[in-house]
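Each remark here refers to the structure printed beneath this line.
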Amino acid sequence: GQNIDQPTEMTATEGAIVQINCTYQTSGFNGLFWYQQHAGEAPTFLSYNVLDGLEEKGRFSSFLSRSKGYSYLLLKELQMKDSASYLCAVREQFSGGYNKLIFGAGTRLAVHP
Amino acid sequence: ETGVTQTPRHLVMGMTNKKSLKCEQHLGHNAMYWYKQSAKKPLELMFVYSLEERVENNSVPSRFSPECPNSSHLFLHLHTLQPEDSALYLCASSQLPGGETQYFGPGTRLLVL
C-alpha cells in the first residue's frame, strides 16, 4: 500500500531555520514533490527530487534518500509569509507506465516574530 | 496566479440541488485533474483527463460527474450530494498526464447542507 507521513504542525521563529520531514512507503517510486499551500489558496510547486541528494533553490532546499524512503524540506531565514501548509507528494508509477501523485496530509507551519 | 482558474470560489448547496464546478487552464497543458481536499486529510485524486479522455477514476461516487469538453476546460457536475462531500475541490493541470509537475487552481470551497 501507499503511506506518506509528515508532522501535522510545526512552529518556528522568524529568521530561523526549519526542517519538515516526510517519510513514505510506496511500491513504484518515481520522484517526490513539495508544494506550499497558504490558507484558502492553491498549492504551489516548490521542488522536485528524483535522485538522492540535496536540491537548493534560494531559501528552500529539498533532500531525498530513496533507500530510506525519506525526504525533508529545509526553509532558511524564515519570514512571516512562510506560514503555510507544506505538502509532500510522491509520484508513483503504475502498470502501463502511468504515473500519479500521492499526497501526504500536509504540515502546517506557523512562523512567529 | 498559477494559470488555472476555478469558479465559483465558494458554493453552498442543498442535498437535492444540482450544481457544476468549472476549471479553466491557460497553460496549454494536456492533462487536467480533480482533487478533493478535506480538513487534515491528504488531497484525494478524483479524476484525471488526458487530451479530453478520462484515464483515471478513483472509485468516486456517481453523484460526481466530470466533463472535459476540450483540453482547456474541465467541469465537475454535482447531484444529490451528502454533507460529508463538503470540502475544498481543487483542479490542476500538467503538460503530460500522470504525475508531471501539476499546477493547481485556487479551489472551490463547497458546503453541502
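So that the names make sense, note that chain A is the first sequence line, chain B the second, and so on, each numbered from 1.
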For the residue pair A:M10 and A:R108, establish whether any side-chain heavy-atom pair is separated by less than 4.5 Å. no

Please evaluate residues A:Q6 and A:T107 with respect to the criterion side chain to side chain donor-acceptor pair (under 3.5 Å), reporting the C-alpha separation (whole Å), side-chain torsions for both, the decisive distance (0.1 Å), and the verdict. CA-CA 6 Å; A:Q6 48 182 135; A:T107 298; 3.0 Å; yes

Nearest heavy-atom neighbours spanning B:T108 and B:L21: CG2-CD2, 3.7 Å

Describe, in one word, how the ring planes of B:F104 and B:Y35 are oriented to each other, choosing from parallel (under 30°), tilted (30 to 60°) and perpendicular (over 60°). tilted

Close side-chain approach of A:T44 to A:H38, heavy-atom, < 4.5 Å: no

State the CG-CZ distance between A:N49 and A:R91, to the nearest 0.5 angstrom. 11.5 Å

Would you check if B:K18 and B:H77 make a side-chain contact, meaning some heavy-atom pair closer than 4.5 Å? no

Quick one: does B:Y33's side chain get under 4.5 Å of B:Q102's, heavy atoms only? yes

Within the 4.5 Å heavy-atom criterion, are A:Y86 and A:L75 side-chain neighbours or not? yes

Using the benzene-type ring in the case of Trp, are the ring centres of B:H29 and B:Y103 under 6.0 Å apart? yes

Just wondering, do B:P69 and B:E52 contact through their side chains at under 4.5 Å, heavy atoms? no

Quick check: under 4.5 Å, non-hydrogen atoms only, which of residues 53-63 of chain A neighbour chain B? none

Just checking B:Q95: does its CD atom have more than 12 heavy atoms from other residues, nucleotides or ligands closer to it than 6.0 angstrom? yes

Side chain, backbone, both or neither: which part of B:E44 has a non-hydrogen atom closer than 4.5 Å to chain A? neither

May I ask you to list the residues in residues 82-91 of chain B that approach chain A closer than 4.5 angstrom, counting heavy atoms only, ordered by number? B:L88, B:L90

Identify the residues of residues 14-24 of chain A whose heavy atoms come closer than 4.5 Å to a heavy atom of chain B, ordered by number, or report 'none'. none

Would a 4.5 Å heavy-atom cut-off, applied to side chains only, mark B:L74 and B:L76 as touching? no

Counting only non-hydrogen atoms closer than 4.5 Å, can you tell me which residues of residues 6-13 of chain B sit against chain A? B:R9

Please check if B:L110 and B:V60 belong to a single hydrophobic cluster, counting links between Ile, Leu, Val, Met, Phe, Trp and Tyr side chain heavy atoms closer than 4.5 Å. yes

How are the rings of A:Y35 and A:F45 set to each other: parallel, tilted or perpendicular (split at 30° and 60°)? perpendicular

B:F64/B:F47 aromatic ring centres below 6.0 Å: no

For residues B:L78 and B:V112, determine if any side-chain heavy atom of one lies less than 4.5 Å from a side-chain heavy atom of the other. no

